[in-house]
Amino acid sequence: MRRKLRMGMIGGGKDAFIGAVHRLAANMDGLIELNAGALSVNPEVGYESGKLLFLPDHKIYKNYEEMLTKESELPAEERIDFVTIVTPNFAHFAPAMMALDKGFNVVIEKPMTLTLDEAKQLKAKVDETGLTLCLTHTYSGYPMVKQARQMVSEGLLGSIRKIMVEYPQGWLSTLSEREGNAQAAWRTDPAKTGKSGSMGDIGTHAAHLAEYISGLKISKICADLNIVVPGRAIDDDGNVLLKFDNGSNGVLVASQIAAGEENALKIKVYGEKGGMEWHQMEPNTLIVKWSNAPAQIYRTGNGYMGSFAQHNTRTPGGHPEGYLEAFANIYKNFALTVDAKLNNETPTAEMLDFPNADDGIRGMAFIENVVASSQSDQKWTDYKI
């Protein structure tokens, strides 16, 4: 890196959980600095949030339109290099499109947009501009997830036969959207979150993880979505049977009414020669089970890790690398890629290892296909994009 990249944030003002996470992640490796912000739809809250983050007055903007317009008019050495969009789902598309039109790279929360059509338009804009878009599917940033992906890609498990992924949470076990919980209020409002609740919020993470580790693509689904808590407007639980493009099958479960669960994402991938298992709440461990040999336990930070895991590990073995570090890996790889492109260099495969607009399209396709399948009487439906 020749210098720190300058970040402008849209959304993520004071008391916004995910905005603070993004800032911590972006700051972890010293490659990025927060340089500007349109931090709230309420200009007073936005200004106060900017001052709390020590932004100068002229870099605190009333809205994203003002920020993108004024920043684009600044000299190259003063304007931001990219924007991070941490607004609710319905407010992703417009600022992302405008940012790309104004020449700014984009980091965006998942799901990428509100609809599949918007996702396709955004992907087309990325292709048109040649700029870089990063989608923060956090769990692909863990070193042991990258180790699992590399081992599968090298054929160590043989042909993949079955994938089982589950993501149970319990935080929506009651009608908390009517009890003053702001996060629950917008995440259960179809106008703000899109046509799916639990599958849009966490099922997309599970689907991305299954495709990321296996290198396969979902080709058919059979879905069952449920509204378990009376009075809720959108699904809070669901089960999906999967078929992948190599003929293998899988199961995906995503639920936010699994009372007592925290963030218990886990995945099992089985091939001809063995299987592997990873749990997000024990992220430093990858369990590999062989059909003709004792099981192995891989641990983050050891010399036997592959190049992708090593590239995304900061500490020696035995030091936990968790959610914030995984989030930071996505920012680090995005920053290294943007820096390389700014200097007419070719990013390495390790640098380019972050979710992009193609993953965003697949995420929106997952949501729309799951909802359509759940509403259909047909057992299997083709996965349409």
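Small disclaimer: the values here were computed from a predicted structure and weren't measured. Below, each value reflects all heavy atoms present in this structure, side chains not excepted, and no hydrogens, waters or symmetry copies.
In this structure, Trp186 has no side-chain hydrogen bond (donor to acceptor under 3.5 Å, both in side chains) partners at least two apart in sequence or on a different chain.
Ring-plane geometry between Tyr383 and Phe366 is classed as tilted, the angle between the planes lying from 30 to 60 degrees on a 0 to 90 degree scale.
Annotation: side chain of Asn263 is not in contact with side chain of Tyr323 (no heavy-atom distance under 4.5 Å). Between Lys341 and Pro347, some side-chain heavy-atom pair lies under the 4.5 Å cut-off. Contact check for Leu241 versus Asn249: no side-chain heavy atoms found under the 4.5 Å cut-off.
A distance-only check finds no donor-acceptor pair linking the side chain of Arg362 to the backbone of Ala207 [under 3.5 Å]. Judged by distance alone, with hydrogens and angles left aside, the side-chain atoms of Asp353 form no donor-acceptor pair with the main-chain N or O of Asn333 at under 3.5 Å.
When hydrophobic clusters are built by joining Ile, Leu, Val, Met, Phe, Trp and Tyr residues whose side-chain heavy atoms come closer than 4.5 Å, directly or via intermediates, Ile257 is not grouped with Ile202.
Rounded to the nearest 0.5 Å, atoms CZ (Phe82) and CE (Met9) are 8.5 Å apart.
Judged by distance alone, the side chains of Asn329 and Glu325 never bring a donor and an acceptor atom under 3.5 Å apart. Side chains of Asn35 and Lys59: a donor on one and an acceptor on the other come within 3.5 Å.
Summarising the geometry of Val106 relative to Phe334, their closest heavy-atom pair is O-CE1, 3.9 Å, with the distance given to 0.1 Å. Glu368 and Leu116 get closest at one heavy-atom pair: OE2-N, 2.9 Å.
For the pair Glu282 and Lys266, the salt-bridge criterion is not met [side-chain N within less than 4.0 Å of a carboxylate O].
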